[in-house]
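Quick note on labels: first sequence line is chain A, next is B, and so on, each numbered from 1. Model, not experiment: these values are computed from the prediction.
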Amino acid sequence: MPEHRYDPSEIEPRWQALWAREHTWEVSNESGAQARAEARSSGARRDASAPSSYVLEMLPYPSGEPHIGHLKCYAVGDAIAHFHRRLGRRVLHPMGYDAFGLPAENHAIKTGVHPSVSTAESIASFQRQFRSWGISIDWSRELATSEPSYYRWTQWIFLELFRAGLAYRKEAAVKWCPKDQTVLANEQVDADGHCERCGALVEVRQLEQWFLRITDYAERLLGDLETISWPEHVKTMQRNWIGRSEGAEVTFRCEELGVDYPVFTTRPDTLFGATFFVMAPEHPDVIRLAAGTAQEQQVREYVNHALNETNEERGNAEKPKTGVSLGRTVVNPVNGEQIQMYVADYVLMEYGTGAIMAVPGHDERDHAFAEVFGLPIRRVIAQRMPTAPEDLLKMPVPPPEWREGAEGLPYAGDGKLVNSDPNFDGMGNREALSAIVAWLDREGKGHASINYRLRDWLVSRQRYWGCPIPIVYCERCGMVPVPDEQLPVELPEVDDYTPKGRSPLAAAEDWVNTSCPDCGGAAKRETDTMDTFVDSSWYFLRYCDASNDAAAWDPAVLREWMPVDQYIGGVEHAILHLLYARFFTKALADLGHLDFQEPFQSLFTQGMVTKDGSKMSKSKGNVVSPAAIVERVGADTARAYILFVGPPDQDADWSDEGVEGVHRFLSRLWRLAAETAQSAGAPAPLQPADIGAQGDDLELARKAHWAIDKVSGDLRRFAFNTAIAAVMELLNDCSRLRETVSPETMRFALGTAASLLSPFAPHVCADIYDLLTGERVWEQPWPEAEEALLERDAYELVCQVNGKVRDRVQASADAPAEALKELCRAAPNVQVHVEGKEIVKEIVVPGKLVNIVVR
RNA sequence: GCACCAGUACCUUAAUCGGUGAAAGGACCGGUCUUAAACACCGGUGAUCCGGGUUCGAGCCCCGGCUGGUGCACCA
């Protein structure tokens with residue numbers, strides 16, 4: 001009697017070893033003669049003409065060990081990869097590591113261990129665990145962004161952008177993290193002004209830095225969202241981040257100094273209500289404007305104070321408005337009025353032109369400021385005007401919102417223009433908006449304009465463990481790109497990683513001092529490194545052609561795989577990574593290196609895994625370790641559980657009891673299959689279920705086909721939880737009917753269960769399929785449901801009276817509506833309820849019910 | 001404050017087009033097996049957030065409210 005016990009610790013390594021030995025998940029590039037030759041020599045089984053599919057999970061940052069979120073991400077991605085393969089596609093499913101970054105560097109500062117050493121350890125540990133999870137990765141394409149063979153091409157892309165004018169240096173007020181001692185991208189500062197990485201309060205410093213011109217792509221990044229299949233909330237976040245506003249640029253002239261100040265406004269229709277003018281404290285002209293006025297000292301103090309304020313203090317809209325008069329005036333171009341100039345911290349330098357026209361009547365913030373400073377508030381849009389004379393007669397005293405005075409202000413809605421100009425008064429404000437912009441344009445005082453919240457991407461970092469920026473500064477030639485053939489510019493060794501406000505690379509003097517590639521004279525290297533988001537903005541391209549050392553990729557190979565068909569990752573990357581990767585794709589396409597516009601055709605964002613309802617964290621001590629779970633119950637249980645616990649795009653709470661439940665399910669499945677394999681005789685391919693089967697055999701065959709249909713549909717819509725539940729139902733029927741069905745039917749039902757479940761629990765399903773059929777489940781085409789077995793020839797017709805179920809009768813599937821009505825009327829308990837009443841109506845839903853409405 | 005999503009049994013989820021008396025797993029309770037327990041098997045308890053509306057019929061659609069989550073929020 002062989003032991004009928006499910007033992008994942010024996011099953012899982014056995015199949016993993018086979019997959020590794022046979023390079024089962026590797027896929028060759030079919031384009032290019034060399035690739036074709038490789039495919040022949042490795043005896044690639046898959047049909048080269050099969051459609052390709054690129055399934056990709058976001059690349060992990062290797063630090064310590066993978067956590068449960070990784071397990072969920074790869075469980076989702078692997079299920080898709082397996083499903084696509086079984087649908088006959090050639091699937092590219094690679095893995096790599098986002099290996100540059102601050103944690104390894106901070107660790108180096110603490111311990112002196114070189115970041116490359118600790119990173120290599122983490123990568124080894126990640127790789128070991130990923131293998132133990134049995135995910136179907138093409139390991140031949142593995143990469144790490146910190147390897148010179150990778151970052152050589154990161155540098156090449158940087159130089160391509162530089163040569164195209166998309167990478168540039170400029171001095172600007174930038175965000176500086178005092179703890180990490182580096183500048184940050186605007187995107188890396190959260191809404192409260194804290195560093196996204198370390199949580200320290202971010203400061204503002206005036207520094208010269210490297211930027212990438214992502215703002216040139218704002219319109220396309222916005223518009224092309226329409227072309228990709230992404231979750232709507234992710235698209236919304238990107239739209240918000242790009243922050244497109246339509247409006248006008250209007251020029252206000254300071255006659256005393258003879259300087260023009262353009263402002264951006266979305267409401268040129270309220271221009272006649274502009275009663276003062278406000279500049280941001282950072283505005284370069286503020287001090288110059290105040291110079292020589294009585295206000296000078298006060299302005300200086302205010303500006304100093306404002307510049308030292310944190311984003312948090314300054315960003316608070318609840319805070320009372322502050323500001324100082326500049327003692328100057330500008331002219332409102334539409335009516336020639338001289339209006340007072342102020343400096344106030346509620347105006348931001350980064351948005352628009354750093355100066356605004358203030359319309360207190362129709363803008364909440366301007367209104368609050370005007371109240372504090374006692375400035376005039378003028379209504380130029382009537383909130384509601386009576387539409388017909390009858391309305392006026394009915395209401396001799398108009399309610400306040402109808403008045404043209406200042407009551408009810410500020411008012412931001414639509415209405416008709418009042419108190420403006422005879423040419424515009426009475427016009428609807430939307431119509432007036434275009435009329436006023438047209439007038440400004442004719443007079444040369446303004447023009448229609450579009451403004452974005454998105455700002456250029458600051459990519460330089462004063463840190464060690466990143467990709468060096470391949471630029472040399474020559475005393476004679478200036479800024480010179482390192483020639484392509486000299487790439488990569490490798491990271492030098494340094495003794496001290498501690499940041500001191502400049503890059504640790506600056507201390508490597510032998511490395512910094514170099515010769516100019518152009519004139520050969522003395523030159524110094526750029527010592528800043530790149531933001532690690534640069535590394536991850538193109539890695540999906542490199543996987544396609546990972547071993548190419550003559551180029552970053554061969555465009556012909558990219559055509560075979562790109563764009564990624566299914567991208568999977570956490571919603572925390574909804575803005576930064578995804579926006580940067582889209583920008584890189586568009587820029588590289590413009591430079592002729594790619595022939596597609598969007599990198600990720602379809603995106604799936606998985607939900608968080610929580611414990612006891614809250615985020616797992618070391619400080620709370622509620623961290624569930626994937627390694628421990630896999631050790632205890634096996635990878636199949638861990639993976640199936642995490643997909644079964646709920647819809648994968650939602651957060652899911654980890655429960656050890658739930659894990660046990662799934663483990664029991666896999667145990668029962670394996671055990672019943674092992675028993676069946678014994679009683680059913682030698683392994684044999686599954687026989688298509690016999691439509692002529694009778695009784696329990698027919699019932700179980702039907703259930704199996706129902707499960708095929710259900711799981712196939714559920715997989716297409718990422719409903720893994722219900723797919724697994726369907727296989728559970730199938731197993732329950734197998735157990736229930738195991739005494740009465742033929743061995744062949746049981747073999748078919750259990751083999752089908754294993755086949756359907758294998759994307760979620762590949763090892764145990766491979767084992768079961770092998771026991772029952774002697775075949776490899778991953779090489780089988782995805783099963784197809786037999787239509788004839790999905791339909792029933794008879795069913796239970798529900799008989800309702802006034803919407804209440806009163807009886808049930810057997811009806812044949814093809815019975816016409818008239819026959820169903822008669823069946824229903826004839827049902828005994830229906831007759832009781834219809835007795836002596838008048839039939840008003842009969843509703844027939846074929847296949848479901850008949851409802852008789854009586855009075 | 002604005003927008004979006006969700007609210008179903010003690011818990012996590014299901015119910016495809018508005019159509020049966022709301023389903024699965026876990027938990028809990030009972031039974032069989034066992035010296036006893038675990039495992040396994042059999043059985044059981046128990047739910048549509050609140051208030052209106054539409055409809056022959058509403059968990060599902062509409063309106064209002066409550067609760068929770070996410071995103072945005074001095075962006076002119």
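In this view, A:R239 and A:L222, A:L225, A:E226, A:E232, A:K235, A:T236 satisfy the side-chain contact (heavy atoms from CB on, under 4.5 Å) rule, not counting sequence neighbours. Here A:Q810 pairs with nothing under the side chain to side chain donor-acceptor pair (under 3.5 Å) rule; sequence neighbours left out. For A:N429, the side chain to side chain donor-acceptor pair (under 3.5 Å) partners two or more places apart in sequence, or in a different chain, are A:D269, A:D414. The side-chain contact (heavy atoms from CB on, under 4.5 Å) check on A:E657 picks up A:S655, with sequence neighbours excluded. Partners of A:D366 by side chain to side chain donor-acceptor pair (under 3.5 Å), not counting sequence neighbours, listed by chain and number: A:Y346. Scanning for salt bridge (charged side-chain N to carboxylate O under 4.0 Å, His left out) contacts around A:E246 gives A:R244, with sequence neighbours left out.
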Can you tabulate the close N/O pairs, meaning under 3.5 Å, that link protein atoms to atoms of nucleotides 53-58 of chain B?
residue	atom	partner	partner atom	Å
B:rC56	OP1	A:K841	NZ	3.2
B:rC56	O2	A:N851	ND2	2.3

Extract from the structure each pairing of a protein N or O with an N or O of nucleotides 37-42 of chain B at less than 3.5 Å, listing the distance.
residue	atom	partner	partner atom	Å
B:rC41	OP1	A:R668	NE	2.9

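Side-chain atoms of A:T610 and A:D651 include no donor-acceptor pair closer than 3.5 Å. Defined by atom type and a distance below 3.5 Å, a donor-acceptor pair is present between the side-chain atoms of A:Y351 and A:S245.
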*List the protein contact pattern of nucleotides 9-14 of chain B with one symbol per nucleotide (5' to 3'): B for base contact, S for sugar-phosphate-only contact, - for none; contact means a heavy-atom distance under 4.0 Å.*
---SSS
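Pair assignment for B:rG25: B:rC11, on the basis of Watson-Crick or G-U wobble contacts that are both within less than 3.5 Å. Look at B:rU16: it lacks any Watson-Crick or wobble partner with both distances under 3.5 angstrom. B:rG1 is paired with B:rC72 under the Watson-Crick or G-U wobble criterion, all donor-acceptor distances under 3.5 Å. For B:rU32, the paired base is B:rA40 (Watson-Crick or G-U wobble, both distances below 3.5 Å). Figure legend. B:rA6 is base-paired to B:rU67; pairs are counted as Watson-Crick or G-U wobble with both atom distances under 3.5 Å.
Among residue pairs with one or both ends in residues 270-279 of chain A, none qualify as salt bridge (Lys or Arg N to Asp or Glu O under 4.0 Å); sequence neighbours excluded. Sorted pairs that involve residues 640-650 of chain A and meet side chain to side chain donor-acceptor pair (under 3.5 Å), not counting sequence neighbours, are lacking altogether.
OP1 or OP2 of B:rA73 lies within a sub-4.0 Å distance of a side-chain N or O belonging to A:R453.
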List, one per line, each side-chain donor-acceptor pair under 3.5 Å for residues 822-830 of chain A, sequence neighbours excluded.
residue	atom	partner	partner atom	Å
A:R825	NH1	A:E842	OE1	3.0
A:R825	NH1	A:E842	OE2	2.5
A:N829	ND2	A:R806	O	2.5

